[in-house]
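The structure under discussion appears below in the form of structure tokens.
Just so you know, ligand 1 is whichever comes first in the structure, and atom 1 is the first atom listed for that ligand.
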Amino acid sequence: MPDQIPFSSLPPLSDFQFSPEARLCLNECSLKLDEILQAIPERDRQIFQLRLQRWFQNLHDGLAPVYGHRKDFNGFVQRLIEKMALAFVDRPAALKLLDMKRDLQPDWFQHENMMGYVFYVEQFAGKLSGVSDHIDYLQELGASYIHLMKVMQSREGENDGGYAVTDYATVDRALGTNEDLQQVCTDLRMHNMSPCIDLVLNHCASEHPWAESAKAGDEHYQGYFYMFDDRVLPDAFEQHLPEVFPDFAPGNFTLDEKSGKWVWTTFNHFQWDLNWSNPEVFLEIVEVMFQLSNLGVEVFRLDAVAFMWKRLGTDCQNQEEVFDLMQALRTCSRIATPAVAHKAEAIVAPDDLIRYFGVGRHHGKVSNIAYHNSLMVQYWSALASRDTRLMTRALAEFPRTPNSIAWATYLRCHDDIGWAIADDDANAVNLNGFAHRHFLSDFYTGEFPDSFARGVVFQHNPATGDRRINGSLASLTGLESAREQGSEYLVHLAIERILLGHALICGFGGMPLIYMGDELGLLNDYAYSAVPAYAGDSRWVHRPKMDWTKAKLRHEPGTIEARIFNGVRAITQARRRTQQLSARYDTEIVDLGHPHVFSNISRHPIGNLVGLYNFTEHMQWVKIIDLPDVASLRIVDELEQQLLVTDDGHIQLSPYGRLWLS
Ligand code: GLC
């Protein structure tokens, strides 16, 4: 018997669950499939067909609410299926193997050995090919996920740190070629590291060929954007829209001189919002996503997704259609390139944030990973106030997540810190939200008396009083001021704050992301202001070049670099050994009733893990009987710190001490 099963004898569609509409649509749309799939062996064809059948309902459920009312809906779905089939046909064998591996281990990104490292390629390695030269460094740190930033071609001059893309499918010529990207992805994959790059979904550069055609009057491409003949609709929308960059890019619309139209530009005037209600935009982006996936990209950071859908009378963020579109995009990856995961960048309030993992009809179907902005903000808040009550309250109130996802936990990234602290949470712990946010800005600019921080204000908004903050982890935690003062004691405290933060993000159960330079204590880089394209954007203060001379000091015992690097490495190594920290096991917040110690618990069949984090420069004590499920704890510290238990039943935490008790 030949090992060939014709498509018709594959399990019937009814094996998978289909609504009548979806079944009809799939039947109509699969017509040309056999022709496309001819190019690949029978077994591959069957695999594609099975995946298509398995996930088609999810795809249909995502697309129908957005595009289903269009006469050409089935034609659109057919084109999409063809794109998926073509992507699968083109997919290199090594990546098809990875697809199979991930089919067997769909929770790969939740594993306790996942740890991310994030950098601008140019700052870290000069060029893409240089990244491969530093794989030993990444391995030494324990990274298994590498977010490469500003990879695709962006506009000349100001480009919002690369987020004004002129060509989604071509590597920035200053960094190398698509072959270089493919090579780096291969090198990383060979070392068990998953490459991630940005897919900027909400907007492209005003110099992108689509935008250039739109400016020249091409109606097809004008349909890719939101362009208005006059200010009537823009003014109506503006009534409910916040400003993302109130300082250097006020307003949400820009007059394009060439076409004479007002263009929707949520971010900068040179970033034109894409019109996702147009299915052509969906098809364009899917095609790019597949091209990059087939070069070996394993995770897409979906940039600024909250803004992808506009609705008059709302703030045009987190609209239901965003989740439909994201579900559809993710399903496209699941069908054609299933090794690929999606990470949402949505810096929004908790109840909205949770929707990026999928709630209700989208449950678990939207993205795999999302940034835990609140954890990051609460770390900085508790560090400044030396008080963990707000942190405990805000994180305890956080909605629960599906167990198929992972939080990206982080302390710093390439962006600013905005004080996303809800008034309700503040009130619940007898704080005034406005006053506390004001205090945090004062504290992190160093204006507040005795502040250890050296940060820079970003986007002061006089209307709301908001002042966001920039600065490197080390400068914000006091290393810069401690070095200036030449105080070993203050240096010690700054290092302890840095390690406290890393223990927190590694002990929270998601996927921790370390931002380049934080592992060495790199300080603010004030030289950015001399570079014209960066000068207006103080986020560049914390986007320094990697200092490879300093990096060498990590092997010189006693240096600041060695103390931080080895401290961080010890934490990431402990994390790899600690199964409770898999993202599958949700973290619960423990209210110890202690004003200075934060605590969380991960419950696991092999035994629980309780984290304790002292947010002050003083000793703190926690009563053992206050710990949750204390009978099940052996009181072993997985971080291998000095564990001191007093005679009267207290656990002692050193200044900024952290313990993972199992
Ligand atoms: C994301 C990026 C940020 C950028 C913005 C607009 O928030 O992280 O750097 O400015 O999107 O693309």
Practice item. Any atoms of ligand 1 less than 4.0 Å from a non-hydrogen atom of Asp303? List them with their elements. Key: 1 (C), 2 (C), 6 (C), 7 (O), 8 (O), 11 (O), 12 (O)
Point to revise | Subset of ligand 1 atoms that lie under 4.0 Å from at least one heavy atom of His203 | key: 6 (C), 12 (O)
Review point. Counting distance only, does the side-chain N/O of Tyr117 pair as donor-acceptor with the main-chain N or O of Gly142 below 3.5 Å?
Key: no
Revision key, fill the gap. Per-atom filter on ligand 1: closer than 4.0 angstrom to a heavy atom of Phe245 are 10 (O)
Revision key, fill the gap. Among non-hydrogen protein atoms, atom 10 (O) of ligand 1 lies closest to Asp160 OD2, 2.7 Å
Review point. Under the criterion side-chain contact (heavy atoms from CB on, under 4.5 Å), which of Val184, Ile146, Asp187 is the partner of Ile135?
Key: Asp187
Check your understanding: Would you say the side-chain atoms of Glu243 and Asn252 include a donor-acceptor pair closer than 3.5 Å?
Key -> no
Revision key, fill the gap. for atom 7 (O) of ligand 1, nearest protein heavy atom and its distance come out as Glu345 OE2, 2.8 Å
Check your understanding: Below 4.0 angstrom, N of the basic side chain to O of the carboxylate: do Asp415 and Arg468 qualify?
Key -> no
**Study point:** Proximal ligand 1 atoms for His414, defined as those under 4.0 Å from one of its heavy atoms
**Key:** 2 (C), 3 (C), 8 (O), 9 (O)
Practice item. Verify the ring-centre separation between Tyr371 and Tyr410: is it less than 6.0 angstrom? Key: yes
Practice item. Give the numbers and elements of all ligand 1 atoms closer than 4.0 Å to a heavy atom of Gln271. Key: 12 (O)
Check your understanding: With backbone taken as N, CA, C and O and side chain as the heavy atoms from C-beta onward, which portion of Tyr371 lies under 4.0 Å from ligand 1: side chain, backbone, both, or neither?
Key -> neither
Check your understanding: Is it the case that more than 12 heavy atoms not belonging to Gln222 sit under 6.0 Å from its CD atom?
Key -> yes
Practice item. Examine Asp415 against ligand 1 and note whether any of their N/O atoms are separated by less than 3.5 Å. Key: yes
Exercise for review: Decide yes or no on salt bridge (charged side-chain N to carboxylate O under 4.0 Å, His left out) for Asp303 and Lys343, but give the supporting numbers first.
Suggested key: CA-CA 9 Å; Asp303 181 71; Lys343 176 172 70 167; over 6 Å; no
Check your understanding: Does Asp423 come within less than 4.0 Å of Arg437, counting only side-chain N to carboxylate O?
Key -> yes
Review point. Does ligand 1 have a heavy atom under 4.0 Å from the side chain of Arg301, from its backbone, from both, or from neither?
Key: side chain
**Study point:** Atoms in ligand 1 flagged as close to Arg539, the criterion being non-hydrogen separation under 4.0 Å
**Key:** 3 (C), 4 (C), 9 (O), 10 (O)
